[in-house]
Engineer: 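Have a look at the structure that comes next, please.
Proteins come first, then strands; the chains are lettered A, B, ... in the order of their sequence lines, and each starts at number 1. Atom set for the values below is all heavy atoms of this structure, side chains included, hydrogens, waters and symmetry mates excluded.
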2 protein chains.
Amino acid sequence: MTPRRGLTSKDIVNSAAKIANQNGLSYVSISVVAQDLDIKPPSLYNHIRGLDELHELLAIHSCLLLYQKLHLATHNQSNREALTSFSYAYIDFARAYPGQYEAATHSYDEHHAQLKELQDQIINLVRTPLYELGFEEEYTVHLVRMLRSLLHGFVMLESAQGFKMDYQINDSLDVMIETFLIGIQRFEK
Amino acid sequence: MTPRRGLTSKDIVNSAAKIANQNGLSYVSISVVAQDLDIKPPSLYNHIRGLDELHELLAIHSCLLLYQKLHLATHNQSNREALTSFSYAYIDFARAYPGQYEAATHSYDEHHAQLKELQDQIINLVRTPLYELGFEEEYTVHLVRMLRSLLHGFVMLESAQGFKMDYQINDSLDVMIETFLIGIQRFEK
DNA sequence: TGCATAAACTAATGTTATTAGTTTATGCTG
DNA sequence: CAGCATAAACTAATAACATTAGTTTATGCA
């Protein structure tokens, strides 16, 4: 009964992001976002097509943020430094914005070309320095996959509390990245 | 209206596993499992406490199967062979039983001691050969985490179709495992 | 000043999990 | 062999969710 003008789709995505980061992506629902914005659930449909689109918008927004952080971290670095910086920035992002990390990496059945494009751009930030280290194109593909697996797996297991905290978790991260870099030296041209 | 005697909780878990492997863990619901077993949804409550318990039972069942496969794969192998065999068997399992892999690795807020215990046993299959290769205890912890991250990340990304199929995905797996083994040589005693 | 419209609302439908209470076939027991 | 307790099915009902349809109202422009 009180139409207001201020509410933009940016507000909606921000609310979704807040909820996702606080409680997990699965808590992002029409009803919870509506409650957070102080409107009734059906009112959201004036702005978005439905829950699927809400998740999609959050995914795009989160990919953009992730790209921005990773670009900043790898900008103007040597190839080897770029790999390290990328890795730590990637983990930092997942820790700082866990729900948005989930959204950015979740697989969407019918994701836009836009979302695919964004995810490709993120990967290219690490493909370029690897390629320039002198690996063959095919090996570069494998090593990109390895680094992605390593980082994504680390995030998943850490967020699932899959590691006991006996030994410092950050030391494990250091060892992982160091071991990866040592392991690939062998294949450098 | 037709009480039958045959339905066991094993049947229910098998149904849940079938559905999970076919369509994904998120498709395992009271209503879908009931439909698969040809009973009405409330009838399931004669056998299980609810959806949470169903997921829990599936998780335990899946961990047992995973442990069995990995134990078989690493049994009577040299330390180095055990690491390789473990890795390939792990990936094989995730490909053959994707829904059960999800169930086995999903994080449950209040999982039993039993579930934790099972997951620990799985990890010990790779902790032992690493430790016996002569690493310090602390390094062993880091390397166990690294291998878990690598394998889990690979599964996640592959199941999300995160890899383009330009280059053979199995070659990537070979390179990953090989690179890991080379990377850790440096720290062996 | 008035009107078109954006953006809120209420009401209603369908799906899901779950609880309560009812019925009936099975299998043991006297 | 009859009967009875019970396991295991059922129907009915409630609550949470997404979604659609149709209604109302304040805003901002003409």
Side-chain angles (χ1 to χ4, degrees), chain A residues 1-61 99 102-103 106-112, chain B residues 1-20 22-61 99 102-103 106-111:
Chain A
M1 295 230 194
T2 15
R4 66 197 208 204
R5 277 297 149 87
L7 190 61
T8 70
S9 88
K10 185 172 287 185
D11 295 323
I12 294 172
V13 174
N14 282 340
S15 168
K18 188 181 76 179
I19 293 160
N21 289 329
Q22 281 173 354
N23 299 100
L25 185 60
S26 68
Y27 282 76
V28 174
S29 65
I30 295 290
S31 59
V32 169
V33 170
Q35 195 167 14
D36 183 60
L37 295 170
D38 256 312
I39 58 177
K40 304 286 177 182
S43 305
L44 268 179
Y45 290 80
N46 286 314
H47 304 278
I48 56 169
R49 241 190 314 277
L51 185 58
D52 285 350
E53 194 186 35
L54 179 56
H55 281 113
E56 230 169 64
L57 290 172
L58 181 59
I60 290 170
H61 178 259
E102 269 189 88
H106 187 265
S107 81
Y108 301 91
D109 291 340
E110 302 223 2
H111 43 322
H112 302 6
Chain B
M1 295 235 194
T2 15
R4 66 196 207 204
R5 275 298 148 88
L7 189 61
T8 69
S9 89
K10 187 172 284 188
D11 296 322
I12 294 172
V13 173
N14 282 341
S15 168
K18 189 181 78 179
I19 293 160
Q22 281 173 355
N23 299 102
L25 185 60
S26 69
Y27 283 76
V28 174
S29 64
I30 294 290
S31 59
V32 170
V33 169
Q35 196 168 14
D36 183 60
L37 295 170
D38 256 311
I39 58 177
K40 303 287 175 180
S43 304
L44 270 179
Y45 289 81
N46 286 315
H47 304 278
I48 55 169
R49 240 191 315 276
L51 185 59
D52 285 351
E53 194 186 36
L54 178 58
H55 280 112
E56 231 168 64
L57 289 172
L58 181 60
I60 290 169
H61 179 260
E102 268 188 88
H106 186 264
S107 82
Y108 301 92
D109 291 339
E110 302 223 2
H111 43 321

Engineer: Near DNA chain D, which residues from residues 28-39 of chain A have a heavy atom under 4.0 Å away?
Structural biologist: A:Ser29, A:Ile30, A:Ser31
Engineer: Under 3.5 Å, sequence neighbours excluded: what are the donor-acceptor pairs made by side chains of residues 37-50 of chain B?
Structural biologist:
unit_1: B:Ser43; atom_1: OG; unit_2: B:Lys40; atom_2: O; d: 3.3
unit_1: B:Asn46; atom_1: ND2; unit_2: B:Ser43; atom_2: O; d: 3.4
unit_1: B:Arg49; atom_1: NH2; unit_2: B:Glu53; atom_2: OE2; d: 3.0

Engineer: Grab the NZ-P distance between A:Lys40 and C:dC9 for me, whole Å please.
Structural biologist: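 Computing the A:Lys40:NZ to C:dC9:P distance gives 7 Å.
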Engineer: Would you kindly give the NE2-to-P distance between A:His55 and D:dC17, to the nearest whole Å?
Structural biologist: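 So the NE2-P distance, A:His55 to D:dC17, works out to 14 Å.
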Engineer: Does any residue of residues 46-54 of chain B have a heavy atom under 4.0 Å from DNA chain C, and if so, which ones, in number order?
Structural biologist: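 B:Gly50, B:Leu51, in order of number.
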Engineer: Taking OP1 and OP2 of D:dC10, is either one under 4.0 Å from a side-chain nitrogen or oxygen of B:Ser43?
Structural biologist: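 So the side chain of B:Ser43 is within the cut-off, an N or O lying under 4.0 Å from OP1 or OP2 of D:dC10.
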Engineer: Would you say the side-chain atoms of B:Tyr108 pair up with the backbone N or O of B:Ala103, donor to acceptor, closer than 3.5 Å?
Structural biologist: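 Yes, the answer is positive, given that a donor and an acceptor are paired below the 3.5 Å cut-off.
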Engineer: I'd like a table of donor-acceptor pairs (distance under 3.5 Å, sequence neighbours excluded) in which one partner is a side-chain atom from residues 22-31 of chain A, with atom names and distances.
Structural biologist:
unit_1: A:Ser29; atom_1: OG; unit_2: A:Ser31; atom_2: OG; d: 3.3
unit_1: A:Ser29; atom_1: OG; unit_2: A:Val32; atom_2: N; d: 3.2

Engineer: Can you measure from CD (A:Glu102) to CG (A:Leu58) and round to the nearest 0.5 angstrom?
Structural biologist: 9.5 Å
Engineer: Check residues 9-16 of chain B and write down every donor-acceptor pair under 3.5 Å in which the side-chain atom is one partner and the other belongs to a residue at least two apart or another chain.
Structural biologist:
unit_1: B:Asp11; atom_1: OD2; unit_2: B:Thr8; atom_2: N; d: 2.9
unit_1: B:Asp11; atom_1: OD2; unit_2: B:Thr8; atom_2: OG1; d: 3.4
unit_1: B:Asn14; atom_1: ND2; unit_2: B:Lys10; atom_2: O; d: 3.4
unit_1: B:Ser15; atom_1: OG; unit_2: B:Asp36; atom_2: OD2; d: 2.7

Engineer: I'd like to check the side-chain hydrogen bond (donor to acceptor under 3.5 Å, both in side chains) partners of A:His55; sequence neighbours left out, ordered by chain and number.
Structural biologist: none
Engineer: Can you sort out which residues in residues 11-20 of chain A have a heavy atom within less than 4.0 Å of DNA chain C? Ascending by number, please.
Structural biologist: none
